[in-house]
Each structure stands twice: as C-alpha cells, then as structure tokens.
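The first residue of the sequence shown is numbered 1, and numbering continues consecutively from there.
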Amino acid sequence: MDTIFINKKEILERYKSVQAEAHKGTQGHALIIGGSYGKIGAIVLASKSCLKSGCGLVTAYIPKCGYEILQTSFPEAMVMTDSTEKHIAAIEFDLEPDAIAIGMGMGQEKETQKAFLQFLKSNKKPLLIDADGINIISKNQQWFDHVPEKTILTPHLKELQRLLGGWESEDEKIEKAVEFSLSKKIIIVVKGAPTMIVAGHTVYKNATGNQALATAGSGDTLSGIITSFLAQGYEPVDAAIIGVYIHGLTADIASKVMGYEAFIASDIIGNLGKAFLSLRP
C-alpha cells in the first residue's frame with residue numbers, strides 16, 4: 001500500500017484552469033439524483049457546490065415535493081421531477097450528462113431501491129454514489145456487478161461500517177477499504193480527520209480541512225464538488241483528490257474569520273471562490 005499526501009503541489013499537477021474560450025457547453029453537465037420529503041436540502045447543497053466548482057450545467061432529479069424549493073433556492077439549476085411526490089420511484093431522464101451523482105437525501109423506500117438498481121443496470125456515465133445510495137448498495141452488494149469501474153463512493157464513518165463491516169483499528173479500517181476498492185474496482189473517499197481517498201493500492205491523505213466541517217450537509221457539498229470535476233472530464237481519482245482538497249480548503253479559509261462553531265455547509269459553498277483563487281499562480 002502506497003500513501004501519498006495531498007498538498008498544493010499535488011493539486012497543481014492535476015488541476016486545469018478554465019480556458020478563456022470556455023462556455024457552459026464545454027464545462028460539463030452534471031446530473032444530481034436524490035432527495036426525498038424533508039431532505040431536499042441535500043440536493044440543493046450538492047447542486048450548488050457542483051455548479052460553483054466550475055461545472056457548466058447542473059440538472060437535479062428529485063421527487064415532485066422538491067420542485068419549488070430547488071427552483072426558488074437555486075435558479076441556476078435545471079430540475080427534473082420523478083412521478084411520485086415524496087420519494088424517487090423511477091429514474092428516467094432524456095438528457096446526456098457527463099457525470100452523475102446519486103444518493104444524497106434519497107431515502108431507502110422499496111420503490112427507491114428498485115429504481116436505484118434499474119439505474120445501475122443502465123448507467124454508463126462516470127458515477128459518484130453517496131449517502132442512501134451507499135446504504136442501499138451495502139445491503140445488496142451483488143449490485144456492484146452493475147457499478148462502473150472507478151465509480152466514487154463517499155461514505156462517512158457509519159456508512160463505511162455498513163459497507164465494510166467493523167474494524168479494530170485505523171490501520172485495519174484502511175486495509176479493509178483498500179481490499180474493497182481492489183475487489184470492486186472503485187474509489188472510496190473515506191471521510192474523516194484527515195479524509196483519505198482509497199484507489200486500489202494507493203491511499204491519498206488530504207492536508208486540508210478542520211473540525212468546522214463537522215456539520216450537517218458538509219458531505220453533500222463534497223459530493224457536488226467532486227461530481228463537478230467528473231463532469232469537467234477529470235479522471236475519477238483526480239476528481240476525488242481535487243474535490244477533497246478544495247472542500248477542506250474552504251473550512252481552512254473561513255474558520256480564520258468565523259471560527260468553527262458558526263461554520264455551516266452553505267459556508268463551504270460561499271468560500272469556494274477563495275479556495276479556487278488560491279490555486280492561481
């Protein structure tokens with residue numbers, strides 16, 4: 001197992017600045033799938049962070065109950081709705097996104113699980129699975145047969161336990177994550193302090209971030225940021241590495257002026273601009 005520390009030098013070797021001739025059609029189109037009654041905010045946060053990270057277009061696929069919420073709170077996003085009111089029951093869309101994120105706030109209704117499986121069977125796009133998407137596939141691990149290679153999973157601690165089972169030490173946790181990454185041919189973002197990206201035999205340890213990120217919705221914004229880079233054409237491992245670095249950097253920047261306690265997920269989005277500016281020569 002090789003360990004690489006993610007610092008600014010590593011990021012600058014991977015990051016590509018937006019070209020002067022770019023337009024929204026060249027910056028990628030991301031599809032964010034999820035949400036359920038009472039959890040539409042997860043999709044708002046993921047969609048906002050995705051577009052604020054350089055993606056040209058973002059479409060959200062949500063249950064009907066979230067339509068007005070999303071259109072009002074984030075008018076820059078396009079919205080498609082499921083046939084049901086409070087949860088996703090059938091994932092059907094007539095667009096060609098460059099990358100897809102699924103699972104944030106999605107819930108685990110039986111209809112939703114069935115729709116998720118049908119989606120996995122048909123999807124060929126670069127993919128990120130988060131939150132309830134991870135919870136569902138953890139209970140149905142044979143479904144990994146339908147997951148594209150290099151798909152990114154972004155579990156927090158409890159979701160990782162459901163995915164891997166228990167462990168006795170931090171070293172065992174990472175060893176099990178490496179084994180799982182190799183066996184399923186996926187990338188795992190192990191959220192924590194520090195956050196680590198497990199890509200086969202290689203573990204990337206992030207250098208940014210602090211305790212301010214221990215707040216509701218922080219993971220939704222991370223998924224949106226990573227998906228933005230996927231849609232822009234980055235290799236999945238690079239999308240994960242840059243996304244985790246930028247996500248943590250927003251907390252490092254903001255906590256200097258607002259402390260840890262007052263920092264919320266919306267502040268991650270609000271400080272993305274400063275984080276990206278720090279990458280300029």
Side-chain angles (χ1 to χ4, degrees), residues 29-53 55 57-74 76-93 95 97-120 122-123 125-140 143 147 151-156 158-159 162-163 189 191 216-228 230-231 243 247 265-266 268-269:
H29 186 172
L31 177 63
I32 311 291
I33 303 172
S36 57
Y37 185 80
K39 295 180 181 177
I40 298 300
I43 301 300
V44 175
L45 291 169
S47 299
K48 276 189 176 183
S49 60
C50 186
L51 200 64
K52 287 275 284 186
S53 296
C55 195
L57 296 162
V58 173
T59 297
Y61 187 98
I62 55 175
K64 286 183 178 179
C65 64
Y67 180 77
E68 290 186 7
I69 296 169
L70 198 48
Q71 291 274 256
T72 303
S73 61
F74 188 37
E76 293 90 346
M78 295 175 285
V79 182
M80 301 179 70
T81 60
D82 193 85
S83 59
T84 58
E85 184 70 24
K86 293 187 177 182
H87 63 269
I88 287 173
I91 301 169
E92 299 172 348
F93 51 88
L95 54 89
D98 296 294
I100 301 174
I102 188 168
M104 296 76 72
M106 188 167 68
Q108 299 181 56
E109 298 284 344
K110 287 184 179 180
E111 284 185 309
T112 303
Q113 294 193 40
K114 183 178 178 181
F116 182 44
L117 175 58
Q118 294 305 312
F119 163 77
L120 290 177
S122 62
N123 175 59
K125 300 293 184 180
L127 180 65
L128 180 146
I129 303 175
D130 188 20
D132 282 317
I134 296 173
N135 292 329
I136 293 170
I137 205 167
S138 294
K139 295 185 291 187
N140 303 277
W143 293 5
V147 172
T151 289
I152 300 170
L153 271 63
T154 55
H156 59 50
K158 290 293 185 182
E159 291 161 353
R162 296 177 191 124
L163 192 67
V189 176
K191 292 186 279 197
S218 177
D220 300 318
T221 63
L222 175 60
S223 292
I225 294 166
I226 295 173
T227 304
S228 179
L230 275 180
H247 180 261
S266 295
I268 296 170
I269 297 169

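We find the CD1-NZ distance between Ile268 and Lys52 to be 13.0 Å, quoted to the nearest 0.5 Å. Note that the OG atom of Ser47 and the CD1 atom of Ile32 stand 5.0 Å from one another [nearest 0.5 Å].
With hydrogens and angles disregarded, no donor-acceptor distance shorter than 3.5 Å links the side chain of His247 to the backbone of Gly219. Without hydrogens or angle criteria, Asp82 side chain to Ala89 main chain gives a donor-acceptor distance under 3.5 Å. Of the possible polar contacts, none joining the Ser49 side chain to the Ile269 backbone as a donor-acceptor pair under 3.5 Å is found. Here the side chain of Gln118 pairs no donor or acceptor atom with the backbone of Ala115 at under 3.5 angstrom. A distance-only check finds no donor-acceptor pair linking the side chain of Lys86 to the backbone of Pro63 [under 3.5 Å]. The backbone N or O of Gly105 sits less than 3.5 Å from a side-chain atom of Ser36, completing a donor-acceptor pair. Between the side chain of Gln113 and the backbone N or O of Gln108 there is at least one donor-acceptor pair closer than 3.5 Å. Side chain of Asp98 to backbone of His29: a donor-acceptor contact under 3.5 angstrom is found. The closest donor-acceptor contact from the side chain of Ser228 to the backbone of Cys55 lies under 3.5 Å. For Thr72 (side chain) and Ile69 (main-chain N/O), no donor-acceptor pair under 3.5 Å exists by modelled atom type.
Considering all non-hydrogen atoms of both residues, Ala99 and Ala231 come closest at CB-N, 3.5 Å. Nearest approach of Leu230 to Pro126, heavy atoms of both residues: CD2-CB, 4.2 Å.
Between Phe119 and Phe93, the angle of the ring planes lies from 30° to 60°, which puts this pair in the tilted group.
Looking only at side-chain heavy atoms (C-beta outward), Leu120 and Ile137 come within less than 4.5 Å of each other.
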